[in-house]
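This is a predicted model, so every value here is computed, not measured. Each chain gets a letter, A, B and so on, in the order its sequence line appears, and its residues count up from 1.
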2 protein chains.
Amino acid sequence: MQEFCSDVCKRLQSAPSAPSFGGRVSITIKDVAREANVSVATVSRALNGHENVAPDVRQRVLEVADRLQYSPHHAARSLSSRRTQTIGVVLPDLYGEFFSELMRGIDAVAREAGRHLLVSSYHGNPDEQGAALRAMRGRVDGLLLMSPFVADADPLAGQALGMPAVLLNSGARAGLPALNVDSYHGARTMTRHLLSAGHSRIAFIAGPTDNFDAHERLRGYRDGLADSGSAPWVLPGDFDEASGHAAGRELLESGERPDAVFAANDMMALGCLFAFNQAGVRVPHEIALAGFDDIPLARYVHPGLTTMRVDIAALGARALRTLMAQLADPDTPVAAERLEVALVVRQSCGVAPV
Amino acid sequence: MQEFCSDVCKRLQSAPSAPSFGGRVSITIKDVAREANVSVATVSRALNGHENVAPDVRQRVLEVADRLQYSPHHAARSLSSRRTQTIGVVLPDLYGEFFSELMRGIDAVAREAGRHLLVSSYHGNPDEQGAALRAMRGRVDGLLLMSPFVADADPLAGQALGMPAVLLNSGARAGLPALNVDSYHGARTMTRHLLSAGHSRIAFIAGPTDNFDAHERLRGYRDGLADSGSAPWVLPGDFDEASGHAAGRELLESGERPDAVFAANDMMALGCLFAFNQAGVRVPHEIALAGFDDIPLARYVHPGLTTMRVDIAALGARALRTLMAQLADPDTPVAAERLEVALVVRQSCGVAPV
DNA sequence: CTGTTAGCGCCTTCAG
DNA sequence: CTGAAGGCGCTAACAG
């Protein structure tokens, strides 16, 4: 035992200049090669599972590597192999349940595929976004990018990503494969559902004006209302509880109350619900309420919230699968896909089973 | 303009063997050097802000680099400099608001410090945890590790991390710097608050038995009750709404109802609240309710939830700051720190201002 | 099957 | 102040 590791032990003890890591020196492929009496090439082959290595040699190499606790240096490996085994994820933010769920879906697939995740958020700032994208170069094999801002100037237009990428909830652009939640059809369906339940004055609490999904949902609401004779009634919102709460109060104070309120997402619907609760207005008896997303809390509030279910984790998972396919075969046809959403009827609209 | 980029343009057009990345070739330091009529060494120095470069030369180099959209290749840089500019974040999971908030805090500091984040979750599986830690070697300069499972065998004991690391909400072990939410004192404070508000039969909805924080909160509850004459009354829970809901129902059905319920976290408190709502039991009139965490919804439910505020984003931010200090100076003394929590009194305990 | 060798792109002495 | 040159650790031809 001792004899085998003498060389390395000596190096460990008398490392001339301790390279970082708290004075530790790391074991390289050379150390393994020397201990196993083979060349570095053979070690590389053995460790990477190539076929052209004699069984006994492979065995010996693996043992030595294990004993020395060798672990290949990632930077070196990816510098020479030109692959990083890492996927870059660039998001507008990391805050809230949406991103959390998204990451969960992405993470599951990444783990399954043995890929690492380099995450970065740009806080809605186009400059930071550019910087984040640039910084990904040489660190990742592909990119998952979410850029939901419907700015006049497409921040991606000028960015040569220089690598395969998939767009998430960002519309379709730059000839990249894209995957979007089908917000438009979802919102239209919900609006029609409310109409068919007998509501005619349906108010809509919108999302941020520069957000792609918010835009699609508003469009779906308007189109859903189109032939009904009902006029659109839109309040501003921000996708958070606070703005839903504010919108709820505003609705109560308006001269003519709506029959139903459709919030562009569940968090706003909940904020609105609490505003109604505080004012003693009963849901659904006096006003019906609907949301969008089906967050976990939607089923626990009282009354249960009617909403559109969006499987966000599936969104992330599917996006990464698309990217992996692109990575495996760059000629995979590029398409824009939609993630289906589903109407979930609960008590908040007054037409639900108990 | 054209003349300057002729060389590179030619290369881009007639790259002999397109090296990965969908057939694109990337611009290297050599390209910049050639365009700027200097050596690669000078480019390197100029771009890295070293002082020994003539102002006009630096200017020219920066211009060329900008025009060519040059961005250094990470793997190459970290191979030669032995630093990755990346922090590894190893978490038990990526699911839910807690991790989302944690990541937000970490991300803010990382961005501020120009560091990237390599995230990985191990789904509560010790083997996966080991694999994740091993895979971090050579890819990151330091580690933020959350390992809240109070298993008999410390999964970290055998792991030579081989690099600076900070433990998050994982107790104190392995001689690593640690940062923990002060769950014990928080729970004790809350329990005493409930007692002093006149409640004597206080039930506690516990968290997962193998979770460090859950354990600390339970301990705080017991100690808070210690000299009061009240007996502990503990129900199992899982930190999610569903288990809080179940516990709430169980409490209602028990022969002797409690005066107050203290849930080990807000999600369970909300689940419990909805169970009470459904049963028509009024909070706080019939039963007082308290939680722990102060998630955003806590202030929007009706009645507002009395809870202990935990600044999770601050937890992440502080942990990364500690790690950065460790990275900057390995001799920084190692200590276990506590993140203070604060009592937030709302209406759910019946002693609050409206 | 195995060893030798030439880079991958960048940083960093060491001479000028 | 600047250029030339030697690696960093690993992979991938190319010869044996």
Residues Arg45(A) and His50(A): side-chain donor-acceptor under 3.5 angstrom: no
Donor-acceptor contact below 3.5 Å, side chain Thr322(B) vs main chain Arg318(B): yes
Between [N] ([atom2]) and [X] ([atom1]): distance, integer Å:
| X | N | atom1 | atom2 | value |
| --- | --- | --- | --- | --- |
| Gln85(A) | dT11(D) | CD | P | 11 Å |
| Ile27(A) | dC8(D) | CD1 | P | 16 Å |
| Arg139(B) | dG9(D) | CZ | P | 17 Å |
| Asn48(B) | dT12(C) | CG | P | 7 Å |
| Lys30(B) | dG3(D) | NZ | P | 15 Å |
| Ile29(B) | dC11(C) | CD1 | C1' | 8 Å |
| Leu79(A) | dC10(D) | CG | C1' | 8 Å |
| Leu47(B) | dG9(C) | CG | P | 16 Å |

List the residues meeting side-chain hydrogen bond (donor to acceptor under 3.5 Å, both in side chains) with [X], not counting sequence neighbours, and say none if there are none.
| X | value |
| --- | --- |
| Arg321(B) | none |
| Thr332(B) | none |
| Asn169(A) | Asp213(A) |

Toward the 5' end of DNA chain D, by each residue's nearest nucleotide, Glu51(B) or Ala76(B): Glu51(B)
Of the listed nucleotides dC11(C), dG9(D), dC10(C), the one nearest the side chain of Thr28(B): dC10(C)
Of the listed nucleotides dC8(D), dT11(D), dA12(D), the one nearest the side chain of His50(A): dA12(D)
Please tell me if [X] has a side-chain N or O lying less than 4.0 Å from either OP1 or OP2 of [N].
| X | N | answer |
| --- | --- | --- |
| Arg77(A) | dT11(D) | yes |
| Ser44(A) | dT11(D) | yes |
| Arg82(B) | dC8(D) | no |

Salt bridge (charged side-chain N to carboxylate O under 4.0 Å, His left out) partners of residues 326-335 of chain B, not counting sequence neighbours, each pair once: none
Of all pairs that satisfy salt bridge (charged side-chain N to carboxylate O under 4.0 Å, His left out), the ones with a partner from residues 52-66 of chain B, not counting sequence neighbours: none
Overall bend - the helix from dC1(C)-dG16(D) to dG16(C)-dC1(D), comparing terminal axes fitted on five pairs, nearest 10 degrees: 40°
All side chain to side chain contact (heavy atoms under 4.5 Å, CB included) counterparts of Ser39(A), not counting sequence neighbours: Ala41(A), Thr42(A)
Partner set under salt bridge (Lys or Arg N to Asp or Glu O under 4.0 Å) for Arg115(A), not counting sequence neighbours: none
Pairs: protein N or O with nucleotides 2-6 of chain C N or O, under 3.5 Å:
residue, atom, partner, partner atom, Å
dT2(C), OP2, Ala54(A), N, 2.6
dG3(C), OP2, Ser39(A), N, 3.0
dG3(C), OP2, Ser39(A), OG, 3.2
dG3(C), OP2, Thr42(A), OG1, 2.7
dG3(C), N7, Arg45(A), NH2, 2.9
dG3(C), O6, Arg45(A), NH1, 3.2

